[in-house]
Amino acid sequence: MTNIVIIGAGYAGFTCTLRLQKLLKKENVSVTLINQHDYHYQTTWLHRHAVGIYDHTKTTFPIADYIDADRVQFVQDRVVKLNADEKLIETINGKYGYDYLVVALGSEIDSFQIPGLEQYAHSITTIKAADRFYQDLVQVLRAYSNSNKIDPIQIVIGGGGFTGVELLGELTDRLPELCNRFAINPKNIKLVSIETQPTVLPEFDLELGEYAMQQLEKKGVEFRLSTKIKTVEHNYIKIERAGLVEDIPAHLFVWTAGVKGNRIIAESDIASISGRVEVDGYLRAPAYHDIYIIGDVAIIKDRETAYLPNADLAIQKANYCAKHIHAQISRELVGKPFFFKPWGNIASIGAKDGIGVVGRQAKIFGRFAALLKFINDGFVLYQIGRLKMLRAGINQKNV
């Protein structure tokens, strides 16, 4: 029997599992999916989760509801070591050998060694982190409501990239409602974005970044551009711009500025660059043709265009990986190397605004971009779990 082990159930790992489940109907194959949690979560909704618009039941999909237990063994456990030379995966509770391994662990937060950041900063990269931020946001608002303070509450977002801008958009939409709940004047809430680049959304065209910044400024967001975060402390951060250092208050600080590769990969036998692997044209690790690396931690060789890591890219990698493994097992022709077909990239600025690039670099703005973002979220669900997951996602959005 051929043993396939998949570690990680994000967009890449979960899609690959479901694809293999469909392809490997007759072959004598065992597929094992290992994931720390018993659910897959919609990463593209975490910014809404972080402000309390969605909760855990609306952003997660139980893995058991989508896999066929007769074809796929699901193991809820945390991977602690990858030994490529011995073809062995170690978890907290066991060890798993494999004939083919799919590594889809995803990236981790990069603190850039900023003192105090890991201790005091929030993030919204996981369900647990988004939950923690929302609970602390509510706690800060409640405490302020019950006090006699007149100084404003200052919420600081470290990073004006994709995640930071989407979170700011949701906060500007959601805070008036939360202020009403706690009888706080919305003018007493101040949102500040710190970005090292001279504009926000450096991943996009300058015009798109300027549009996003102007829309958020209209809603009261203050941007500190070309500014570095030096240290993070309890209730304040130290920033530097043009050589001038300043302390600014931060009742809540959210870090959205950087990610790095995965520690498990960095500590393994596989050659990597800060936990990311430069794969071959078939998404395989160098020197290990039985190991496939997909998702955010895979670096594509000889790629002229630097694509943003997103759900669409992860899903396309996963589908290709599943087909390639199936071809190997079935002794069929492997076919052409992986090629990513980008459909576009859209960032929301709240529920009714957004920016993006679609098709052949066509720029979109405003409500139309927000509508396409909603449609794209549904398409992501369709790609992963087909109609069953899409219906669940639509029902959750309407709750």
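In this chain, residues are counted from 1 in sequence order.
Defined by atom type and a distance below 3.5 Å, a donor-acceptor pair is present between the side-chain atoms of Asp131 and His49. In this model, no donor atom of one side chain and acceptor atom of the other lie less than 3.5 Å apart for Gln42 and Thr59. Side-chain polar atoms of Gln215 and Asp353 form a donor-acceptor pair below 3.5 angstrom. When only modelled atom types and interatomic distance are considered, Tyr292 and His324 share a side-chain donor-acceptor pair under 3.5 Å. Side-chain atoms of His251 and Asn235 include no donor-acceptor pair closer than 3.5 Å. Between the side chains of Tyr288 and Asp85, at least one donor N or O sits under 3.5 Å from an acceptor N or O. Under the 3.5 Å distance criterion, with hydrogens and angles disregarded, no donor-acceptor pair is assigned to the side chains of Asn93 and Thr91.
Between Tyr98 and the choices Ile6, Thr32, Asp290, the side chain to side chain contact (heavy atoms under 4.5 Å, CB included) rule is met once, by Asp290.
Under the 6.0 Å cut-off for aromatic ring centres, His40 and Tyr11 qualify, their centroids lying closer than that.
Other residues, nucleotides and ligands contribute at most 12 non-hydrogen atoms within 6.0 Å of the CZ atom of Phe368.
At least one side-chain heavy atom of Val5 sits less than 4.5 Å from a side-chain heavy atom of Ile34.
Annotation for Ala318 and Ala12: closest pair CB-O, 3.1 Å, computed over non-hydrogen atoms.
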